**Q** 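One structure is given below, represented as structure tokens, and several questions about it will come after.
Throughout, residue positions are numbered sequentially from 1 according to the sequence presented. We use all heavy atoms of the structure for the numbers below, so side chains are in, but hydrogens, waters and symmetry mates are not. Treat the numbers as computed from the prediction; the structure is a model and nothing was measured. Numbering of ligands and ligand atoms starts at 1, following listing order.
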Amino acid sequence: MEKLSFLTEEEVLFIKNHYSTPIFVYDEQVMYQRAQEVLNFPHAFSFTARFAMKALPTRRILQKFHKWGLHIDASSGYEAERAIKAGIPPSHIQITAQQIPVNLRHLIEQGVLYNACSLQQLKVYGEMFPETEVSVRINPGLGSGSSNRTNVGGPSASFGIWHEYLHKVYEVAHTYKLKVTGMHTHIGSGSDPEVWIHCAHLALETAGKMPDVQRISLGGGYKVARMPDEKTANLKEIGNKILPFFYEFEKKHGRQIHLEIEPGTYLVANAGVLLCSIIDIVDTGPSGYRFIKIDSGMTENVRPSMYGALHPLIVVPFEQGTPRSEYSYIVSGHCCESGDIFTPQKGDPESLEPRKLLEAKIGDVLVVEGAGAYCSSQSCKNYNSFPECGELLRTAPFKFEWIRKHQTLEQMIQNEL
Ligand SMILES: *Cc1c(COP(=O)(O)O)cnc(C)c1O
């Protein structure tokens, strides 16, 4: 059975009683540690690390990473604006987006960097800002991800400009007198380190054919172990393996390439937990299942339903004392939706995989570990009209600060006429 990572059982019960559930709790210390590891990524020359803010875009989180020296990767114009509103200097923000921001002009004029992800994006940017510098996202022809849904490279991904279309990039660049000084790849979340390294090699090969490129971003995608049988990517090891590529590149092309990486998951996945209350326990007879029902679900964390992603689940009894046995349970969310479960079969959201947990009682807390990345930000917010839950930052043992309050029903319906 899994164990609590940064909270104690006493803290879990304290939070339930003082702040109510469901609620996210993020640990500042864990985030700081991860930020240091990312900032120490081996690099040959100069280096920038960005936080891929779509993983966890709450203001205070962005401010923390900014304070620690990270820049921002924004996935939309709105994210860029949100980061600016949080106090991030525009020059520390780069947009890599599927959709051209409606406020692109305004953002670029403030100093936000732009990474064109298609030929069309490059054209639009060129029309707006001729004779400037720009970066382009290249699909290096291969991808990797923990599932097909998180794989964003290779022939079946629409992300970036296909690597064989470089000549088209330069046609557009020539038309608008753009200087392509940046090149970017991001092949997927939860990538296999070997594939990632191979992709870095391909990226540098492509950059060799791009005479003005000074800056290469290798994206994010570093694997994080949430479950005990998973393995976290070793950034030092990966970084050291790609170092020689950069020295070779310098020898061959006479350019000292500035390296960028932009992790999301790596920085926050294991810095966050979701606390839910166990609200009901039912079963479907001797040949059926035992179910734990919680006051949360896909409204806070859609990863299990969407990817068949597994998170450690821990039952914290509401009262200490009487010893309890263990049972296998299906953990079921509070939405009227059979797909709303936290116990799918790994990688297969269609199938159930009962999980051995401490005997659960109504009133206990269920702690969902590894819930810092793509949970709060990616959930089926407001489905079944459940309000968005709040978020706490843990700054020290038993020290919690609101960083986002619980949403009210009034706030949920405020735009309705
Ligand atoms: C989502 C994303 C990232 C971060 O990916 P992780 O798997 O969370 O590290 C980095 N770069 C781009 C362009 C992204 O879209």
**Q** Compare every heavy atom of Ile84 with every heavy atom of Val112, then report the nearest pair and how far apart it is.
**A**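 Scanning both residues completely, I find the closest heavy atoms to be CG2-CD1, 3.9 Å.
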**Q** Which of these, Asp295, Asp340, Thr299, sits in a side-chain hydrogen bond (donor to acceptor under 3.5 Å, both in side chains) with His334?
**A**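 The side-chain hydrogen bond (donor to acceptor under 3.5 Å, both in side chains) with His334 is passed solely by Thr299 among Asp295, Asp340, Thr299.
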**Q** Under 4.0 Å between a side-chain nitrogen and a carboxylate oxygen: does that hold for Lys64 and Glu28?
**A** yes
**Q** Using non-hydrogen atoms of the residue, decide whether Gly221 is closer than 4.0 angstrom to ligand 1.
**A**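 Heavy atoms of Gly221 do come under 4.0 Å of ligand 1.
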**Q** Output yes when the distance from some N or O of ligand 1 to some N or O of Thr96 is under 3.5 Å, and no in every other case.
**A** no
**Q** Heavy-atom contacts with His184 under 4.0 Å: which atoms of ligand 1 show up? List them by number with element.
**A** 13 (C)
**Q** Within a 6.0 Å radius of atom CZ on Phe45, are there more than 12 heavy atoms belonging to other residues, nucleotides or ligands?
**A**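 It does: Phe45 CZ has more than 12 such atoms within range.
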**Q** Checking the side chain of Asn384 only, and the main-chain atoms of Cys336 only, is there a donor and an acceptor separated by less than 3.5 Å?
**A**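 The answer is yes, because a donor-acceptor pair under 3.5 Å joins these two groups.
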**Q** In the protein, what heavy atom is nearest to atom 4 (C) of ligand 1, and what distance, to one decimal place, separates them?
**A**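 Checked against all protein heavy atoms, atom 4 (C) of ligand 1 sits closest to Ala52 CB, 3.4 Å.
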**Q** Examine the proximity of ligand 1 to Tyr266 and report which part, side chain or backbone, both or neither, has a heavy atom under 4.0 Å away.
**A**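 The answer is neither; Tyr266 stays 4.0 Å or more away.
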**Q** What is the nearest protein non-hydrogen atom to atom 7 (O) of ligand 1, stated with its residue, atom name and distance?
**A** Ser189 OG, 2.5 Å
**Q** Would Glu2 and Arg355 count as a salt bridge (Lys or Arg N to Asp or Glu O under 4.0 Å) here? Give the steps.
**A** CA-CA 11 Å; Glu2 287 94 38; Arg355 188 86 63 92; 3.7 Å; yes
**Q** Hey, which atoms in ligand 1 end up nearer than 4.0 Å to a heavy atom of Thr265?
**A**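 Near Thr265, meaning under 4.0 Å from one of its heavy atoms, ligand 1 has 6 (P), 7 (O), 8 (O), 9 (O).
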**Q** Measure the distances from the heavy atoms of Arg50 to every atom of ligand 1 and state whether one is below 4.0 angstrom.
**A**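 Arg50: no contact with ligand 1 (<4.0 Å).
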**Q** Does Tyr26 reach the side chain of Glu391, with side-chain heavy atoms less than 4.5 Å apart?
**A** yes
**Q** Report, as yes or no, whether the 6.0 Å neighbourhood of atom CZ on Arg59 holds more than 12 heavy atoms from other residues, nucleotides or ligands.
**A**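 Atom CZ in Arg59 is not crowded, with 12 or fewer foreign heavy atoms closer than 6.0 Å.
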**Q** How far is atom 8 (O) of ligand 1 from its nearest protein heavy atom, and which residue and atom is that?
**A**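 Atom 8 (O) of ligand 1 sits closest to the protein heavy atom Tyr374 OH, 2.6 Å.
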**Q** Gly264 to ligand 1: N or O pair under 3.5 Å?
**A**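 Yes; at least one N/O pair falls below 3.5 Å.
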**Q** Looking at atom 5 (O) of ligand 1, what's its closest protein heavy atom, distance included?
**A**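 Among all protein heavy atoms, the one nearest atom 5 (O) of ligand 1 is His186 CE1, 3.4 Å.
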**Q** What residue and heavy atom of the protein are closest to atom 10 (C) of ligand 1, and at what distance?
**A** Glu262 O, 3.1 Å
**Q** Measure the distances from the heavy atoms of Pro263 to every atom of ligand 1 and state whether one is below 4.0 angstrom.
**A**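 Under 4.0 Å: yes for Pro263.
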**Q** Any side-chain to backbone donor/acceptor pair from Thr58 onto Arg60? Under 3.5 Å, distance only.
**A**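 Such a contact is absent between Thr58 side chain and Arg60 backbone.
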**Q** Can you tell me the protein heavy atom closest to atom 15 (O) of ligand 1 and the distance?
**A** Lys54 NZ, 2.8 Å
